[in-house]
Amino acid sequence: MANPSIASLTPAPASADEAESWVRGELIRSLMRSSRSSYIVSVALIPAMVGLSWVEVPRWELLTWLMAGVIATICRAWGSHVYTVRYAGRSSAAQQQFTERYGFIWSTTAVVWGSSILLFFERTPQVNQFMSWLIVAGVATFPLNGLALHPPLLKRYVNTLFITMLGAVVIRLVSVNLHAPQFHYGYLMPILPMLHWFLLLRAGRHIHETARNSLELLFHNHILIKSLTQQRQAAVSAVAMKNRFLASAAHDMRQPVLALSLYADWLRNEPELVLELAPKIVRATHAVNALFDSMFDLARIDSGQVRLHIERVDVPELLHDLELQYRPVAESRGLDFRVHVTEGSFLTDPIRVRRMIGNLLANAIKYTTEGGVLLAARQTRDGMRVEVWDTGIGIAPEHLRDVFLEFYKVADHAGTSDGFGLGLAIVARLSHVLGHPISVRSRLGSGSVFRVALHDADEAVAQARVSASGG
């Protein structure tokens, strides 16, 4: 049977690891939401039970039991208040803690109602006894739908109630037998409570399974909806990124292609200017080729088509190769190019790591107009790392995270007009694939430093990251 108390659920957890705890917590929350109605019914039935035994039972017994019932009801109300104030909004572990700490409240109620058998059994007219039995059966059954949500509490309540009932029946039968020793139909009465006891526990198991399955289904639906939402957002972001990619590429390609067209027309009309126009045509061609090379690099990484070759790379040799390639470029711009070498080696793809650090050096040289560039290897507490320092224009704090995006250029930033905004995007991709984390610090107008941690790359893990990029 479905449980109507499962409503107003707290948000489902984000991961499957938290599902079991969340389900247990929600079952207890639903139990507490339904418990208020059960003790209100109990309050209404206490006077009815007293009234059915009012004539035949001594007043002191009735008043004693009535007082016990009122105290048990007050305890239930107090427990509900404590839960609402201290536990309702807390974690699933706190819900479990509440049932363990305050479970005695339900046991107290069960003892009070189980002892009510002493008031009427074999003491009041049969019609009154029948009505009283119905009240006790109702008290046992009515909270079942809520208590079944937490089996330990259900067993505690039902077992306490029926053990107390059977004890009271035995006491009354012994009392009757002492006054008039003979077989009495009352000896058969324990059979019905025992049958009721068994049926309640069995029904409780079914209710619990149904409620639990409903919550587990709700959880998995939540995970599915969240996954679909994330996939949709990823798809929208990918489309937006591709649109920005294509728009930026078209914008950046237009200038050198237009220049090529103009130079070609100029050369056709005035062939004697070939010596003047040829270098310009070459530069424009190099610009187009550089853009295509960078776009192809990104495309290969994003499509998962890069094949990595992990091997041990000597750090001094790596820095020496980079120095040979970039020192002439720096010196041609009037910049100092210094290298600080530290002995060491690490596992990586040599071609890709050279591309990473080379792009950082190219950027440092491009955005530095005076001063110099430092390429340094340092041994730190966390391992070897390579640093690229420059005394260039620097990057404002609000732009530091975005500089690794494709085609990102800081608006009105000197030196960005002749770049494509792909160098650092390639660095970020390769950093993720190879497992060489990159960090940056910069001060506007003073320069920047990019640091690459040279952790040993795992070929299987790195290749899996490439494949994931293509997925």
Side-chain angles (χ1 to χ4, degrees), residues 3 5 27-53 57 61-88 95-121 131-172 192-194 196-201 203-204 207-208:
N3 198 305
S5 64
L27 288 171
I28 295 173
R29 289 187 179 94
S30 299
L31 156 65
M32 293 307 299
R33 282 191 288 268
S34 67
S35 64
R36 181 179 177 86
S37 59
S38 65
Y39 74 74
I40 290 176
V41 170
S42 179
V43 169
L45 292 178
I46 287 175
M49 179 65 76
V50 172
L52 288 171
S53 304
V57 180
E61 292 186 35
L62 291 173
L63 293 176
T64 300
W65 185 85
L66 178 62
M67 183 63 65
V70 171
I71 292 173
T73 303
I74 291 174
C75 286
R76 289 285 300 277
W78 170 74
S80 179
H81 174 73
V82 169
Y83 175 82
T84 301
V85 173
R86 300 182 186 175
Y87 293 89
Q95 308 300 310
Q96 185 77 24
Q97 185 183 57
F98 172 80
T99 59
E100 293 171 355
R101 182 174 296 177
Y102 295 95
F104 72 89
I105 294 175
W106 283 268
S107 299
T108 301
T109 303
V111 169
V112 170
W113 279 105
S115 64
S116 68
I117 306 299
L118 296 171
L119 299 180
F120 65 85
F121 184 54
M131 296 297 295
S132 298
W133 276 115
L134 286 180
I135 290 175
V136 174
V139 169
T141 306
F142 188 79
L144 175 66
N145 217 33
L147 291 174
L149 300 176
H150 189 59
L153 201 57
L154 172 67
K155 292 177 182 178
R156 185 171 184 170
Y157 175 80
V158 171
N159 291 344
T160 302
L161 175 64
F162 281 94
I163 289 173
T164 307
M165 285 173 57
L166 291 177
V169 168
V170 170
I171 291 173
R172 288 300 306 146
L192 291 178
M194 291 178 68
H196 192 194
W197 189 355
F198 168 77
L199 292 176
L200 284 178
L201 291 177
I207 293 172
H208 175 74

Between atom [atom1] of [X] and atom [atom2] of [Y], what is the distance when rounded to the nearest 0.5 Å?
X	Y	atom1	atom2	value
Asn159	Thr164	CG	OG1	10.0 Å
His150	Glu100	NE2	CD	7.0 Å
Leu118	Thr64	CG	OG1	11.5 Å
His81	Arg86	NE2	CZ	8.0 Å
Trp113	Ile46	CH2	CD1	5.5 Å
Trp133	Leu52	CH2	CG	13.5 Å

For [Y], is there any backbone N or O sitting under 3.5 Å from a side-chain donor or acceptor partner on [X]?
X	Y	answer
Ser80	Ala77	no
Ser115	Val112	yes
Ser34	Leu31	yes

Between [Y] and [X], is there a side-chain heavy-atom distance shorter than 4.5 Å?
X	Y	result
Phe121	Ser132	no
Leu66	Met49	no
Met131	Phe120	no
Val50	Trp65	yes
Trp78	Ile105	yes

Specify the closest pair of heavy atoms between [X] and [Y], including all atoms of both residues, with the distance to one decimal.
X	Y	value
Gly204	Leu144	CA-CD1, 3.9 Å
Gln95	Ala88	NE2-O, 3.8 Å
Pro193	Leu166	CB-CD2, 4.2 Å
Ala137	His196	O-CE1, 3.6 Å
Thr160	Ser107	CG2-O, 3.7 Å
Gly114	Ala168	O-CB, 3.9 Å

Exercise. Listed by chain and number, what are the ring-ring contact (aromatic ring centres under 6.0 Å, His included) partners of Phe98, not counting sequence neighbours?
Worked result: Tyr83, Tyr87, Tyr102
For this session: List the steps, then state whether side-chain contact (heavy atoms from CB on, under 4.5 Å) holds for Leu200 with Phe162.
Result: CA-CA 11 Å; Leu200 284 178; Phe162 281 94; 3.6 Å; yes
Exercise. Taking atom types as modelled, is there a side-chain donor on Thr73 or Arg76 under 3.5 Å from an acceptor on the other?
Worked result: no
For this session: Take Leu147 and Ile207, measure what side-chain contact (heavy atoms from CB on, under 4.5 Å) needs, and give me the verdict at the end.
Result: CA-CA 10 Å; Leu147 291 174; Ile207 293 172; over 6 Å; no
